[in-house]
There are 2 protein chains.
Amino acid sequence: MEAQTNKAFRRISHETLNEQVYQEIRRVIMAGLLQPGSVVTIRGLAAQLGTSTMPVRDALRRLLAERILVMDGPRRYRLRVLSRGEFEEILCLRLSLEGELTELATLCAAQQDIETLNQIQRRFESSLKSGDNFLEANQDFHFALYALAQRPITLSLVRSLWMQVGPLLNHYRMQQGGELAVEHHRAVLAALKKRNAPAARAAIAADLNDAARVILDELPAGADDPLQ
Amino acid sequence: MEAQTNKAFRRISHETLNEQVYQEIRRVIMAGLLQPGSVVTIRGLAAQLGTSTMPVRDALRRLLAERILVMDGPRRYRLRVLSRGEFEEILCLRLSLEGELTELATLCAAQQDIETLNQIQRRFESSLKSGDNFLEANQDFHFALYALAQRPITLSLVRSLWMQVGPLLNHYRMQQGGELAVEHHRAVLAALKKRNAPAARAAIAADLNDAARVILDELPAGADDPLQ
DNA sequence: CGCCGGAATCTGTGATCACATATGTCAACG
DNA sequence: CGTTGACATATGTGATCACAGATTCCGGCG
């Protein structure tokens, strides 16, 4: 019944064109290369990606469902602009959800897991010194930590919230914000070793609060982005 | 510049076929008419709905992004089956998020809002006696309450969680569950009048816990649904 | 100069088709 | 009887096209 389970072969990943297009569009958005409020068109993206309109349609609809895009007007896709109030609400949610995941992770973490996190943290610090895309390593640290909690649904909610603030995080590069994160991450690791769940939660909360403060300070004072 | 602002006219809603198809498929799923684990096909749904395959494709991809559907296998849409652990995790999240919204709603509620909630509650109780689709009125009560908190992002997360448990809620009809909800809702309304936020949260928590208990008791004891 | 109107263009939507491939059926062979 | 192989069917994906309607631009009128 069971086919030959030869370890020599690895599964062929038949990734659809749709998925590739979605990943690429999302990458560009999350990298902050498109300003919030920008209008995106199906044919325009299809031309830049070198595909037909069809995979782009599907990708945009998916981004719409994920609230990365909004439709204002009958046939108009636009990058969502996060108001100051919405940003603060997301921060509040993240403090609650990610704090809970951190506490659970502290209780579940094996020695092996802590070592893996240490490794990611070293990569984060080195990418911070070399000066490029430390935000990706930062995200890796957080989600590797949260994954330990074994809460797939909560994790998906947190991922959704990160995606919604992603464009802002990357647009305002938070130049000096990364330095603060180093200490907070180290505090998390120290708390993990001691199995001190409240301390780990507090360190993550401080990390999120500091990052949010950097964004909020650079954000235009008024309500939403003026959008042209 | 401003067109004639005549109150006599109301906006024409140009609802796309896509949206109608999505709403109809979701209605059928949420009504429990399709068992979790069922396979759905684009052409099959298109034939039953009397449309082309295109709007159905978009609707299925949206339901996929909303985690109502899953793809197992390269070209296979399937209704997601919620494991017991996932259901309990969602319950935990709902207790936290909906509890928070309830507390905030208690502090924000105007007299007018409480009266509206009373009205919805009367409709809920009458639909419970007449015996049909009281779940819809129940949902109206909860979301009318939560909307008072003025937390759009949190509300969207809660709506997502409701959609994920919807098929189970409606599949196991929770015959006697509705009776318990009446008292809990009344307790919420009483707490609202007295501006007692913790009491309101406790009443909502009791409501969610009782409903979940009914589902968990009827759920097959093991892990997931056996799915044919 | 300002406002209205019509043509041209652009855009998302929906339909139809071609294609690769997964699935199911069934006969032939061991 | 169980397994294998080929053939037939079904399905999602991606491409292309037609269409309605929104937007833009420009000319003409007041």
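A note on names: the letters A, B, ... follow the listed sequences, proteins ahead of strands, and every chain is numbered from 1. Heavy-atom basis, side chains included; hydrogens, waters and symmetry copies ignored.
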Would you mind telling me which residue lines up with the more 5' stretch of DNA chain D, B:Gly44 or A:Thr16, judged by nearest nucleotide? B:Gly44

Taking the side chain of B:Arg75 as heavy atoms from C-beta outward, which of C:dG14, C:dG12, D:dT11 is closest to it? D:dT11

Return the value, rounded to whole Å, for the distance between atom CD of B:Glu15 and atom C1' of C:dT13. 14 Å

Whole-Å distance separating the CZ atom of A:Arg78 from the P atom of D:dT23: 11 Å

Is it the case that C:dG14 (base atoms only) and B:Arg57 (side chain only) share a donor and an acceptor within less than 3.5 Å, ignoring hydrogens and angles? no

Looking at every heavy atom in both B:Arg62 and A:Ala65, which two are closest together, and how far apart are they? CG-CB, 4.2 Å

Look at all strands and tell whether A:Val40 reaches a base, only sugar-phosphate, or nothing, counting heavy atoms closer than 4.0 Å. sugar-phosphate

d(CG, B:Leu17; C1', C:dA15) in whole Å: 11 Å

Taken to the nearest whole Å, CE/A:Met54 to C1'/D:dA18 is 13 Å

Answer with base, sugar-phosphate or nothing: what part of the nucleic acid does A:Asn18 contact at a heavy-atom distance below 4.0 Å? sugar-phosphate

Among D:dA20, C:dT16, D:dT11, the one nearest any side-chain atom of B:Arg43 is D:dT11

How many Å lie between CD1 on B:Ile42 and P on C:dG14, as a whole number? 15 Å

Among C:dT16, D:dT13, D:dG14, the one nearest A:Pro55 by side-chain distance: D:dG14

Rounded to whole Å, how long is the line connecting atom OH of B:Tyr22 with atom P of C:dT13? 16 Å

Side chain of B:Tyr77: nearest nucleotide among C:dG12, C:dG14, D:dG12? D:dG12

Plane angle bin for B:Phe124 and B:Phe134 - parallel if under 30°, tilted between 30 and 60°, otherwise perpendicular: tilted

With heavy atoms under 4.0 Å as the rule, sort B:Ser52 into base, sugar-phosphate or nothing. base

Taking the nucleotide of DNA chain C with the nearest heavy atom to each, does A:Leu60 or B:Gly50 sit closer to the 5' end? A:Leu60

Within a radius of less than 6.0 Å around CD of A:Glu115, do more than 12 heavy atoms belonging to other residues, nucleotides or ligands occur? yes

To the nearest Å, give me how far apart CD (A:Glu19) and P (D:dT13) are. 11 Å

Taking OP1 and OP2 of C:dT13, is either one under 4.0 Å from a side-chain nitrogen or oxygen of A:Arg61? yes

Please check if the number of heavy atoms outside A:Gln119 that lie under 6.0 Å from its CD is greater than 12. no

On a heavy-atom basis, which atom in A:Glu89 and which in B:Ile153 lie closest, and how many Å separate them? OE2-N, 3.1 Å

